[in-house]
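Quick notes on the structure that follows.
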Number of protein chains: 2
Amino acid sequence: MVVGSENRLLAALPREGRRRFVASCDHVELKLHDILAEAGEQIHHVYFPTAGFISLIVTLDNGAQLEVGIIGNEGMLGSALTLDVSVSPQLAIVQGVGTALRMSAPAFRRQCQQNAKLRERLARYVYVSMRQLAQMSACTRYHQVEARLARRLLMSRDCAGANELHLTHEFLASTLGVRRVGITQAARALQARGLIRYSRGDITITDGAGLEIRSCECYGRGNHMYAQGLDSLRTRSNSCMRPSARGPPT
Amino acid sequence: MVVGSENRLLAALPREGRRRFVASCDHVELKLHDILAEAGEQIHHVYFPTAGFISLIVTLDNGAQLEVGIIGNEGMLGSALTLDVSVSPQLAIVQGVGTALRMSAPAFRRQCQQNAKLRERLARYVYVSMRQLAQMSACTRYHQVEARLARRLLMSRDCAGANELHLTHEFLASTLGVRRVGITQAARALQARGLIRYSRGDITITDGAGLEIRSCECYGRGNHMYAQGLDSLRTRSNSCMRPSARGPPT
DNA sequence: CTCGCAATGTTCGCTGGCGCACTGACGGCT
DNA sequence: AGCCGTCAGTGCGCCAGCGAACATTGCGAG
């Protein structure tokens with residue numbers, strides 16, 4: 001398969017189990033702004049993105065929203081089912097066009113029951129997700145807009161697998177929970193340093209390494225969490241805080 | 001057993017399984033500032049508080065800390081083990097003196113393997129924890145100090161099972177990730193409304209209902225999540241956002 | 001009784017981000 | 001051509017919370 005057209009959560013499964021799993025899936029397109037799950041509603045399908053990404057969004061009573069996580073080809077939407085809960089914890093919206101493997105909730109339950117290796121992988125994924133949520137909390141609290149923007153752009157890049165992104169200031173503002181003007185300022189600062197270029201919804205990362213430096217530690221930590229999730233968290237006692245590659249683009 | 005001396009996560013287990021489970025536990029005291037787990041380190045024991053509570057804390061590179069969750073008698077410390085991961089995701093410190101049932105990690109793994117009902121309960125708990133983390137993220141981002149303080153006091157009350165709390169401004173500041181001065185201001189505002197009284201580390205909630213009104217929605221939502229966790233999340237499609245009682249004190 | 005310390009009260013200037021409103025630029029559609 | 005919608009730039013007043021001091025109070029140890 002072409003690099004990037006694979007879901008890395010499934011890629012780590014043994015060949016045979018993966019074939020059976022994928023055979024029960026549909027290949028679907030992720031269209032911009034598709035709502036794949038709503039907070040508190042039943043989960044009908046699980047999604048394993050192979051390209052593009054999905055935002056997980058918390059909505060408060062006053063209507064304020066905050067992105068609490070994104071799901072790219074390193075993860076899945078609907079992991080609550082692995083916890084035997086069929087209610088979606090958050091709103092899930094496609095924010096980066098792409099494709100995904102989709103499976104119905106009942107079929108997914110059956111696969112989980114039959115496939116121990118799958119269960120194990122997914123349990124790890126849930127664990128990593130929890131760490132990410134906690135890290136995001138602190139990030140949102142303490143880090144400044146410019147650093148968070150840099151982090152978010154890098155994460156988008158990793159999901160998209162390309163340095164060219166289609167993200168408007170307006171959208172980035174809503175995901176980071178700040179004003180659009182705040183993004184404009186931060187983006188200009190990054191552009192002034194030659195790290196990105198942008199125009200009318202197209203953002204190009206021109207210096208990924210530089211952007212990492214301006215981004216907050218949460219980017220590296222996140223990568224490291226996923227990297228850990230891929231190998232043995234069971235036995236090791238890792239120091240757990242060193243950044244590492246989640247897979248820079250082509 | 002005396003009300004409040006029970007861990008509610010275990011209380012929901014069938015009588016026989018619970019007896020076997022508790023038989024493998026030690027009864028231990030939770031002493032103030034005991035560190036029960038460190039971020040990235042091995043989990044040696046799991047804890048089921050029966051009184052008091054444990055803070056989960058994320059630490060950033062610059063040393064800034066933020067409490068991302070608390071564990072009282074509705075939960076457990078070490079749930080990562082149910083995900084087959086033995087590395088603690090966060091720092092866990094006793095912030096409210098009390099008692100807990102403690103079990104070694106290997107024994108806990110065995111119990112999980114043998115006891116399907118236990119696994120089911122714990123999976124639910126992990127799910128609820130994830131929702132809480134996400135909610136906290138948004139709360140920390142958008143809600144003001146006074147409302148967050150009110151929420152935190154109510155949560156402490158529920159854990160302690162009493163309206164008299166022992167919490168200094170300094171401590172509350174660190175958990176909410178704000179300055180001590182911010183707590184002083186917020187606490188004075190709450191006291192002026194006659195909702196609490198405090199002096200030198202002793203805080204008394206004098207009007208719990210009033211405090212709920214001043215607190216942010218996250219308090220009610222949290223309670224509702226736990227309440228849901230106790231009954232069937234599997235089949236229902238709940239609207240999921242109505243507050244309800246998590247158990248006001250005696 | 002007194003010293004020391006923990007806990008709380010208070011002040012002052014600062015700043016990051018907010019809310020709002022308006023402007024300008026580009027591009028697709030009719 | 002003209003229009004409209006999307007996207008970005010700018011200015012202005014505002015405020016919650018920050019950071020850093022310093023003052024006060026009450027309690028326990030010696």
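Throughout, protein chains are lettered first and strands after them, A, B, ... in sequence-line order, and every chain is numbered starting at 1. Since we're looking at a predicted model, the values are computed, not measured.
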Checklist entry - Do A/Asp61 and B/Arg221 meet the salt-bridge criterion of a basic N to acidic O distance under 4.0 Å? => result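 Looking at A/Asp61 together with B/Arg221, the answer is yes, because their closest N to O distance falls below 4.0 Å.
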Checklist entry - So, B/Glu67 and B/Arg152, do they make that salt bridge, N to O below 4.0 Å? => result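 Result for this pair is yes, salt bridge flagged.
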Next on the checklist: Suppose we call a contact any N or O donor and acceptor under 3.5 Å apart; does that hold for the side chain of B/Arg180 and the base of D/dG19?
Outcome noted: no
Which nucleotide wins on minimum distance to the side chain of [X], given the candidates [options]?
X: B/Arg200; options: D/dC7, D/dG26, D/dG9; result: D/dG26
X: B/Arg179; options: C/dG17, D/dG17, C/dT8; result: D/dG17
X: A/Val145; options: C/dA7, C/dG17, C/dG9; result: C/dG17
X: B/Val178; options: C/dA21, C/dG9, D/dC18; result: D/dC18

Nucleotide [N], atom [atom2] - distance to [atom1] of [X] in whole Å:
X: B/His169; N: C/dC5; atom1: NE2; atom2: C1'; answer: 17 Å
X: A/Ile183; N: C/dC18; atom1: CD1; atom2: P; answer: 9 Å
X: A/Phe171; N: D/dC7; atom1: CZ; atom2: P; answer: 12 Å

Does [X] reach a base, just sugar-phosphate, or nothing at all? Heavy atoms under 4.0 Å.
X: A/Gln144; value: sugar-phosphate
X: A/Val181; value: base
X: A/Arg188; value: sugar-phosphate
X: B/Gly201; value: sugar-phosphate

Item to check | Position toward the 5' end of DNA chain D (nearest nucleotide), A/Arg141 or A/Glu170 | outcome: A/Glu170
Item to check | Check: B/Thr99/B/Thr50 side-chain N/O donor and acceptor closer than 3.5 Å | outcome: yes
Item to check | Pair A/Glu164, A/Thr204: side-chain N/O donor-acceptor within cut-off below 3.5 Å | outcome: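 Side-chain D/A pair, A/Glu164 to A/Thr204: absent.
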Checklist entry - DNA chain C: A/Gly182 or B/Ile203, which has the more 5' nearest nucleotide? => result B/Ile203
